[in-house]
Chemist: 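Before I ask anything, let me first share the structure, which is written out below as structure tokens.
Here is how names work: the chains are called A, B, and so on, in the same order as the sequence lines, proteins then strands, and each is numbered from 1.
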2 protein chains.
Amino acid sequence: MADYMEFKIISKPNNLKEIVEELRRAIAKQMSIIIIGKCEVYYKGRGESKLKEGERIIIIKQDGAFLIHRPIGYKPVNWQPDTSYIRVQHTDHGIEIIAFRKKSQETVKVLLDSIKFIGYGKLVDTGKFVMYLDELEIRDVLYKHPEIIEDGMRFTEKEKKLDIGSIDLFGYDRDGRPVIVEIKRVTATREAVHQLHRYVEAYRRKYGVKPRGILVAPKFTASADEALERLGLKKKEINILKLWSMKKKSIEEGKGKSILEFLS
Amino acid sequence: MADYMEFKIISKPNNLKEIVEELRRAIAKQMSIIIIGKCEVYYKGRGESKLKEGERIIIIKQDGAFLIHRPIGYKPVNWQPDTSYIRVQHTDHGIEIIAFRKKSQETVKVLLDSIKFIGYGKLVDTGKFVMYLDELEIRDVLYKHPEIIEDGMRFTEKEKKLDIGSIDLFGYDRDGRPVIVEIKRVTATREAVHQLHRYVEAYRRKYGVKPRGILVAPKFTASADEALERLGLKKKEINILKLWSMKKKSIEEGKGKSILEFLS
DNA sequence: TATTATATCTCGGGT
DNA sequence: ACCCGAGGTATAATA
């Protein structure tokens, strides 16, 4: 059965014509393909790039994702997140692979000569991926525990819609003043302050009342502090790892430590 | 010579102890390594993630970059842009690879069982990469040809420093009013408008004169238009591909078409 | 499709 | 080391 076939290895590719046929079949069957070899790469679309000859790792994935990796660094040097078609043909010097993306009219062309290795096969990967501790999760903990932000705080809405976008958390402080909370899971920059400020202003324009704005983050840059001050906004520093371990341990209120004790 | 050795292929890995030794040597020699096999992955650091069993492509690059790719999509499901060390050992069930990054205290742990393929070797890649048509290049063309922006415009500075950052282009219009230009190579959003607005305000605070602000982009979202209007800023639509082909053809002024004719 | 905001963003440049 | 902004960002959610 095709879905469970072994990974086919060509360790000394030499018959170009045959290789082209094999690659075409592998692409048609939506297999994962790995090619290692010397190549030049040309990109044209949203910009234009040229990559001179060198040895690289080329990956064609089962959904048509196309990656060309240099032997260093996290990022591919050229790529195509999804392709409309991938065309393979042999040339005088070697093999040419063209990956085309229709919606953005982008083309990646690889000129391969001297191939060190080709491998292909169907990979079966249904394993579930879970990411914890993203902004959403932090937001939910704060929603349940407004006392972390401020005594007497209560939240009434998550992702409250305004004309210009949505607010992470919305509620009222002990004096009944509306409060807009913007959350960052990494260091808050001036940029984040202005994002919060836009929401505060949009709220004021819509409801005629200026709400308080609180920026929640584990850290703040100096310019963020300056902008908060200048725009009359507040900040609340949180320890995300503590928030996280708190959530993991699922502390029951009333029984044992309170959440504020836990976070202290 | 190690640098030019062939890519070593193990198409049916079975002796775990031997494989662990080979991988360790390959890592020590800073080779590129590709492993295809069934694995689980655990990440902990800036966040936390779990990936259940499935077949993936694992890449260890020569600088320690570590990537785990599922058979679909552009992005790796787990990764480490640069690692302090990569440790390999065999367990009861298979092989365990731990990639650790000291500066951010991040760990990726891969539990491999059933390896379909291992390949490693030193890849030589010195080929130069050039990217054309990034924001810098657009900026330089506009700097040389202020008439594209507006009749009578002249630029005096690129990347002019203000307290809060630097302005893409700075100059004066036909009436001698200071002008701040912010460039976007993709659709300008409300975000970009506010970025420009911040620069305009910072300039006013510093010099006591309110400059004009012009946002240059190939396209503008409706909310960008609204924000430009509300904040008293202007826009200038440019065709980036035309700018680019113009630069490529290196049109000499006076001889043949003028740049404005070319862009029309 | 367009818009918006997140990301374990990465990466490079500046201070 | 931090800060800042660009990216062929990609990606998911939402209108």
Side-chain angles (χ1 to χ4, degrees), chain A residues 41-49 65 67 72-82 101 103-108 129 131-139 159 161-168 182-192 195 198-199 219-224 240, chain B residues 41-49 65-68 73-82 99 101 103-108 129 131-139 159 161-162 164-168 182-192 195 198-199 219-224 240 244:
Chain A
V41 188
Y42 299 87
Y43 162 75
K44 197 163 185 177
R46 284 177 281 182
E48 198 167 325
S49 76
L67 307 171
I72 57 166
Y74 162 86
K75 284 185 169 181
V77 60
N78 283 106
W79 70 92
Q80 206 79 284
D82 55 72
R101 197 186 186 192
K103 72 173 152 207
S104 45
Q105 290 288 308
E106 294 173 281
T107 310
V108 173
F129 178 71
M131 182 76 217
Y132 307 98
L133 203 45
D134 52 10
E135 206 193 79
L136 233 88
E137 218 156 12
I138 297 166
R139 192 200 63 190
E159 296 295 323
K161 301 277 177 304
L162 285 185
D163 304 338
I164 63 158
S166 42
I167 299 166
D168 287 338
E182 172 68 27
I183 301 163
K184 289 293 162 208
R185 57 181 305 288
V186 291
T187 306
T189 62
R190 176 181 43 221
E191 196 63 31
Q195 197 178 335
R198 285 205 300 279
Y199 289 132
K219 215 162 160 259
F220 300 81
T221 66
S223 64
I240 285 186
Chain B
V41 189
Y42 300 87
Y43 163 73
K44 196 164 186 176
R46 284 174 283 182
E48 196 168 326
S49 75
F66 189 69
L67 308 171
I68 298 153
Y74 162 87
K75 282 188 170 182
V77 60
N78 283 106
W79 71 92
Q80 204 83 283
D82 56 74
R101 195 185 188 193
K103 72 173 153 209
S104 47
Q105 290 287 308
E106 294 172 286
T107 309
V108 173
F129 177 73
M131 182 74 217
Y132 307 99
L133 203 47
D134 52 10
E135 204 192 83
L136 235 88
E137 218 157 13
I138 296 166
R139 190 199 63 191
E159 296 296 321
K161 301 275 177 304
L162 284 185
I164 61 158
S166 44
I167 299 166
D168 286 337
E182 172 68 27
I183 303 162
K184 290 291 163 211
R185 60 182 302 291
V186 290
T187 306
T189 62
R190 177 179 47 223
E191 192 66 30
Q195 196 178 336
R198 288 206 297 279
Y199 289 133
K219 214 163 162 261
F220 300 80
T221 65
S223 63
I240 285 187
W244 173 232

Chemist: Tell whether B/Q195 reaches the base of D/dG5 with its side chain through a donor-acceptor pair below 3.5 angstrom.
Modeler: no
Chemist: Answer yes when A/R139 and A/E159 have at least one side-chain N-carboxylate O distance shorter than 4.0 Å, and no when they do not.
Modeler: yes
Chemist: Between D/dA6 and C/dA7, how many Å separate the two C1' atoms, rounded to a whole number?
Modeler: 15 Å
Chemist: Measure the distance from CD1 on B/I138 to C1' on D/dG5 and round it to the nearest whole Å.
Modeler: 15 Å
Chemist: In whole angstrom, give the distance that lies between atom CD of B/E135 and atom P of C/dG13.
Modeler: 15 Å
Chemist: Which is true for A/K103 with a 4.0 Å heavy-atom rule: it touches a base, it touches only sugar-phosphate, or it touches nothing?
Modeler: nothing
Chemist: Can a donor-acceptor pair under 3.5 Å be found between the side-chain atoms of B/N78 and the base atoms of C/dT8?
Modeler: yes
Chemist: Is any side-chain nitrogen or oxygen of B/S223 closer than 4.0 Å to OP1 or OP2 of C/dT4?
Modeler: yes
Chemist: Give the rounded distance in Å between these two atoms: OH of A/Y43 and P of D/dT9.
Modeler: 7 Å
Chemist: Donor-acceptor pair under 3.5 Å: do we get one between A/Y74's side chain and the base of C/dT10?
Modeler: no
Chemist: Please report the distance separating the P of C/dA5 from the corresponding atom of D/dG8, rounded so that it comes out in whole Å.
Modeler: 22 Å
Chemist: Using the P atom as the point on both nucleotides, what is the distance between C/dT4 and C/dT8, in whole Å?
Modeler: 22 Å
Chemist: Is the shortest side-chain N/O distance from B/R46 to OP1 or OP2 of C/dC9 below 4.0 Å?
Modeler: yes
Chemist: Could you tell me whether the phosphate oxygens of D/dG5, OP1 or OP2, come under 4.0 Å of any side-chain nitrogen or oxygen in B/Y199?
Modeler: yes
